[in-house]
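Note on naming: letters A, B, ... go to the chains in the order of the sequence lines (proteins, then strands), and numbering restarts at 1 for each one.
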Amino acid sequence: MNAALKLGDVREAIKPVVFERDLQIISNVQVNGEYRQMVLKAPREMLEQCRAGQFFHLLCPQLGGENPYLRRPMSIYGFYPDKGELHFLYKVTGEGTRALAHLGAGDTLNVLGPLGRGFTIADNWQHLVLVARGVGLATLAPLALEANRLGRKLTAICSARSDDVLMSVHYFRSLGANVVTVTDAEGTSSIENLEAIIEGLIAEEGVDAFYTCGSNRILRLLQRIGEKHEIPGEIALEQQMACGLGMCHCCVRPFRKEDRVVNLRVCREGPVFDMQEAMPW
Amino acid sequence: MNAALKLGDVREAIKPVVFERDLQIISNVQVNGEYRQMVLKAPREMLEQCRAGQFFHLLCPQLGGENPYLRRPMSIYGFYPDKGELHFLYKVTGEGTRALAHLGAGDTLNVLGPLGRGFTIADNWQHLVLVARGVGLATLAPLALEANRLGRKLTAICSARSDDVLMSVHYFRSLGANVVTVTDAEGTSSIENLEAIIEGLIAEEGVDAFYTCGSNRILRLLQRIGEKHEIPGEIALEQQMACGLGMCHCCVRPFRKEDRVVNLRVCREGPVFDMQEAMPW
Amino acid sequence: MVDLTVDVGSLRLKNPIMPASGTFSEDLADVFDLDLLGAHVTKTITRGWRDGNPTPRVCEVSGSMLNSIGIPSKGVGYFIERVIPFYKRYETPLVVSISGNTADEFATLCSEVSVDGVAAIEVNISCPNIEEDGKAFAIRPSSTFDVMTKLRKATHLPLWAKLTPNTGETPEVARAAEDAGADALVVANTILAMAIDINTRRPKLGNLMGGLSGPSLKPIALRMAYQCARATKIPVIGCGGISSVEDVLEFLIAGATAVQVGTATFIHPLAMPRIIDELAAWLARHGYSSVKDVIGSVIDDEQKAGVVFMEAAP
Amino acid sequence: MVDLTVDVGSLRLKNPIMPASGTFSEDLADVFDLDLLGAHVTKTITRGWRDGNPTPRVCEVSGSMLNSIGIPSKGVGYFIERVIPFYKRYETPLVVSISGNTADEFATLCSEVSVDGVAAIEVNISCPNIEEDGKAFAIRPSSTFDVMTKLRKATHLPLWAKLTPNTGETPEVARAAEDAGADALVVANTILAMAIDINTRRPKLGNLMGGLSGPSLKPIALRMAYQCARATKIPVIGCGGISSVEDVLEFLIAGATAVQVGTATFIHPLAMPRIIDELAAWLARHGYSSVKDVIGSVIDDEQKAGVVFMEAAP
Ligand SMILES: Cc1cc2nc3c(=O)[nH]c(=O)nc-3n(C[C@H](O)[C@H](O)[C@H](O)COP(=O)(O)OP(=O)(O)OC[C@H]3O[C@@H](n4cnc5c(N)ncnc54)[C@H](O)[C@@H]3O)c2cc1C
Ligand SMILES: Cc1cc2nc3c(=O)[nH]c(=O)nc-3n(C[C@H](O)[C@H](O)[C@H](O)COP(=O)(O)OP(=O)(O)OC[C@H]3O[C@@H](n4cnc5c(N)ncnc54)[C@H](O)[C@@H]3O)c2cc1C
Ligand SMILES: Cc1cc2nc3c(=O)[nH]c(=O)nc-3n(C[C@H](O)[C@H](O)[C@H](O)COP(=O)(O)O)c2cc1C
Ligand SMILES: Cc1cc2nc3c(=O)[nH]c(=O)nc-3n(C[C@H](O)[C@H](O)[C@H](O)COP(=O)(O)O)c2cc1C
Ligand code: FES
Ligand code: FES
């Protein structure tokens, strides 16, 4: 599936590999002031297609006076073929996510996916460093699971406003990741401090790849460090979506490709892109 | 209020007399295969404005996949200022009434009313005869209550497909009305039989006024008998409605007025009209 | 206290909220005090008696409605004798909506209703007109200019031209109305639409087709209001699918000076007074002292001006 | 077994359900077998490379959406080399949608895509055109006739003209397309609309305005499909807001021979195959042996024919 969705190979994929399904909700609870976690019961065939970095397109219900029309994209926060579970971590920001928050155990949610191209972990990448802020952690979490499965070393640098919104620290630690937390409250989340931490990691342990998502400032920093030390990286990006499948071309972002700027679809060529090709916005 | 709503007097009514309110549902239950009864908790000021034959305009909820947009008119089936209750009797026919059926005790329903012009019971009318079929009984029921209150004699001729859908027989009897039931199943609901029953009533007891609603065949019959014996009558009519208040002119029906045919608004000049002026459709 | 007054040309309104023609009448006084409104706009009348269209006259479509009321009218005599006096008891200015089958009849009616108690005349140039093969005057700039010129000569009262969305030339029509002397533009009337009952295979409206109003119309009417505000210098009164204070703000930001609320009143008869309250509250909360400060405040980068006059999508 | 086949001119389709241009691509093959569809209709292409419009390119409005994708295009070379071969593996006929800034460029592209593997050409004459002050060809009968005449000369393949709702002259435009040799009419494209974010005061689309599609458009598109079926003798392909079998039936009853499903596929990617199943089931349940029996079966009393050509409401 992942292969079939890679840029350029699209045309070979004519066997249905994306599922539209009504899934039953196991739980949907507040995990802290801003985020909610939803756990769905999902069929094995669907979960086995999932890759870290991919997303689902959720048909948010018409509930509580909310009338979302388009689907809403949500990263896979966790997928467990053995348990038959699919997890999302989301922030309530508008009509669609407010409607999602109204769902409870036993309700159904229509999902479409898995969609898009996930993260790459090359065979010779031993030490992976991820830098994430806010809900970006939802997108990067399954990468930690995958790194753990492949027996790679992972350092997760988690940035947040203050300690109590630091997401998933416990989760990353439970997978044996080295977790570094920086917060605005403590004044440790500045780009300078981040740079010092990362340069320290490179000097002391060596770093094979960077992963991030969301923040413009972090992207610039990692592009600079990556270029300097020739360390590859990937970034997961967001853009408003209609179809989620690559048909409508609404979700494009500009990328640097061989001296040209090209528009690529976040839902199809992404949401994970080469970090050096990404353009700060 | 009733006076204010009478044809021609409309322009004097500038004090708000129609209420838009969220009312709490006390119960909403199936009363037989086709009909449901809804009981709402309503304020006394609203209930004291109500008259038999008037209606409310209900804002059916977006529930159960139904998305009704316009309000739905529903006759007052019962109003009890002392108990603080407002009753509707409705048949589930389409999107709006299906949505209504989804409501349960404790939910709220937004209602607008009371609306329209109700039934007249002139001071010297002693024996009232109502002829009703199907859900038309919902509209005529409060007339029986009013007749009882005023100490008039009432005969209710209830027509239905078969015995088990005979609505409100018990209710009419409990108010001391004389109830005659005719059904298709027994072959007693023919126009000929109805005519015989009514002519019998006129001959034996004398009849001062007829009331009916809904059926074209019954209207023609009563017009004929009424003309022959010079017995006045009133009919409650239905028409698709948007505003329910008299503003949009969508709910008109044609009436014979002094040798002309004029369009009158069912929501404003009606829903109760002079029986001889009504035109079969 | 936030200042809600707006000026539609020479006419000052106490707030920018008024009803849309055909969705309002004396009857609404049963529900709330009509003096709360910025203006009163009557149902369109014609000179003579008209029955209106066959029933059913309305039907529901996804989240909106169609109507083919037609213009039932008791004629100008009844209107002057019975309707205008009703509104005289209110402070709120009365705007009379009129229409005609021919430009001359239209102009005659325009002068006939230019009487005491009338503050402005809204000319419904979006209804079918026999001189233009049944097309509305406001479909073409030329017929708009011609009829508006005659109407302008017929009255000294402020003249509001009500435009139709059934055209591919909104900015041109708006400019034609302005050039012929319109004092304001009401944007817009309903758009021609249809619905069929698949079980009976009959059109859901007795008149076959009717006008779409309600939330579905809003993005189209908003686009037109924006185009008209950019294309002309006269005030624009937004209309189409407005049902919340957010909708009102969208039109004001796009450049409308005031708005009309139509179908929303059918669903929530108290929509207008509620919106007036909420508008004052919203402005206060966002630190505005006057509603005038939000009018036309849309941030549309100037390079995009070219797009404004396109009548095509995508 | 119900017969679902329909004939769009000389082209027989196995069923009347096909995607709308711009809401379909090879990518949908990830979700279901595209051979289920009656036809494949590609996103509009232009001759040369185009970037498309600035983002955001879509936004939500009440129960529907706006888009201003523009027409990003990799050009005709890429299309012939990479896209057409993809569709050759299917039995379902391929309909190629094209557009051009000028009538001549449009015609050149039309002949360039008249190649093996293409069953029909859908000409998107509803997008802005620089020879007509940025108006779409299909806004006016005259520009429709002119461009269609050139396109007709450029190909021997069936030519489907895609009309715009941004006009007050639908029947006249439809007849102009027919007179110039169109084999079918696709009715219709999106209608120009706008939305503003009241918090940022910026238009919700990067391009300021965009096209309204989805359920809100349906009553407008249905009215146009009916008008076109009455005004011409060529097949009409209904399009606009179709999301259920009931919607399909409404268009077929109104006179459409086939339909296109657009935005609904974004909400329910399986909408088209589901509708095909439900259509067969509905017809069987109602005792029809062929879908052709419902086409044009609307009961519209003849005396109302006059109304059909009005472009105004109420
Ligand atoms: C690939 C991808 C993965 C994502 N993963 C997550 C996740 O795991 N957890 C999480 O909380 N959020 C995630 N987001 C963002 C999430 O999609 C938006 O927060 C959500 O769509 C907001 O919808 P709304 O109706 O609540 O907000 P509204 O602001 O009412 O949405 C209005 C419209 O804008 C779109 N929109 C708003 N914000 C975004 C955004 N950031 N990205 C894309 N579209 C947006 C909505 O989809 C909708 O169409 C992801 C976005 C993308 C593109
Ligand atoms: C004054 C009045 C009093 C009524 N009282 C009762 C009552 O007490 N009990 C009861 O069961 N029904 C009553 N009706 C009929 C009731 O209004 C309709 O059954 C109801 O509107 C159907 O709505 P729906 O969405 O379920 O059906 P749909 O068929 O989906 O409705 C579609 C549209 O048609 C309108 N409509 C459909 N049938 C009727 C009708 N018969 N009259 C008016 N509009 C209609 C609806 O309001 C809606 O706008 C009354 C009608 C009127 C006019
Ligand atoms: C039932 C009804 C009757 C209408 N009658 C008229 C009319 O007589 N004259 C007129 O100019 N507009 C008339 N309109 C159009 C409205 O004034 C308004 O332009 C349109 O409904 C769009 O606004 P809305 O979406 O807020 O309803 C009517 C609309 C409706 C729904
Ligand atoms: C995202 C998007 C892109 C579109 N692109 C095109 C296009 O390239 N060419 C075209 O003719 N129509 C295009 N359309 C219009 C559709 O083909 C269709 O006419 C319209 O959306 C109405 O149908 P619907 O309501 O079923 O979506 C596009 C529509 C959408 C929503
Ligand atoms: S969301 Fe449609 S192409 Fe990406
Ligand atoms: S429903 Fe509007 S006038 Fe009767």
- Under 4.5 Å to a heavy atom of chain D? For C:T200 that would be backbone
- Message: At a heavy-atom distance under 4.5 Å, which candidate from C:K218, C:R202, C:E246, C:H286 has the highest pair count against chain D?
- Response: C:R202
- Distance from C:L192 atom CG to D:T170 atom OG1, nearest 0.5 Å? 8.5 Å
- So what's closer than 4.5 Å to chain D heavy atoms on C:L66: side chain, backbone, both or neither? side chain
- Note on the structure: Interface check, chain D: of C:G22, C:A195, C:G63, most non-hydrogen pairs under 4.5 Å belong to C:A195
- Task: Output the distance between atom CZ (D:R201) and atom CG (C:L252), rounded to the nearest 0.5 Å.
- Result: 12.5 Å
- Leading residue by heavy atom contact count with chain C [cutoff under 4.5 Å; candidates D:G214, D:P203, D:P215]: D:P203
- Message: Assess the residue pair C:K204 and D:E250 against the criterion (salt bridge (charged side-chain N to carboxylate O under 4.0 Å, His left out)); give the C-alpha distance rounded to whole Å, side-chain angles, the decisive distance to 0.1 Å, and a yes or no.
- Response: CA-CA 11 Å; C:K204 288 192 179 174; D:E250 222 178 331; 5.6 Å; no
- So what's closer than 4.5 Å to chain D heavy atoms on C:V298: side chain, backbone, both or neither? both
- Query: At what distance, to the nearest 0.5 angstrom, does CD1 of D:I196 lie from CD1 of C:I253?
  - Reply: 6.5 Å
- Note on the structure: Taken to the nearest 0.5 Å, the spacing of D:L222 CG from C:M194 CE works out to 6.0 Å
- Task: Take C:E169 and D:K135 through the test side-chain contact (heavy atoms from CB on, under 4.5 Å) and record every step on the way to the result.
- Result: CA-CA 9 Å; C:E169 312 183 84; D:K135 304 265 180 208; 4.3 Å; yes
- What is the distance from atom CG of C:D247 to atom OG of D:S62, rounded to the nearest 0.5 Å? 8.5 Å
- Query: In terms of heavy-atom proximity below 4.5 Å to chain D, should C:S297 be classed as side chain, backbone, both, or neither?
  - Reply: both
- Could you pull out all residues at least two apart from D:P56 that satisfy side-chain contact (heavy atoms from CB on, under 4.5 Å)? none
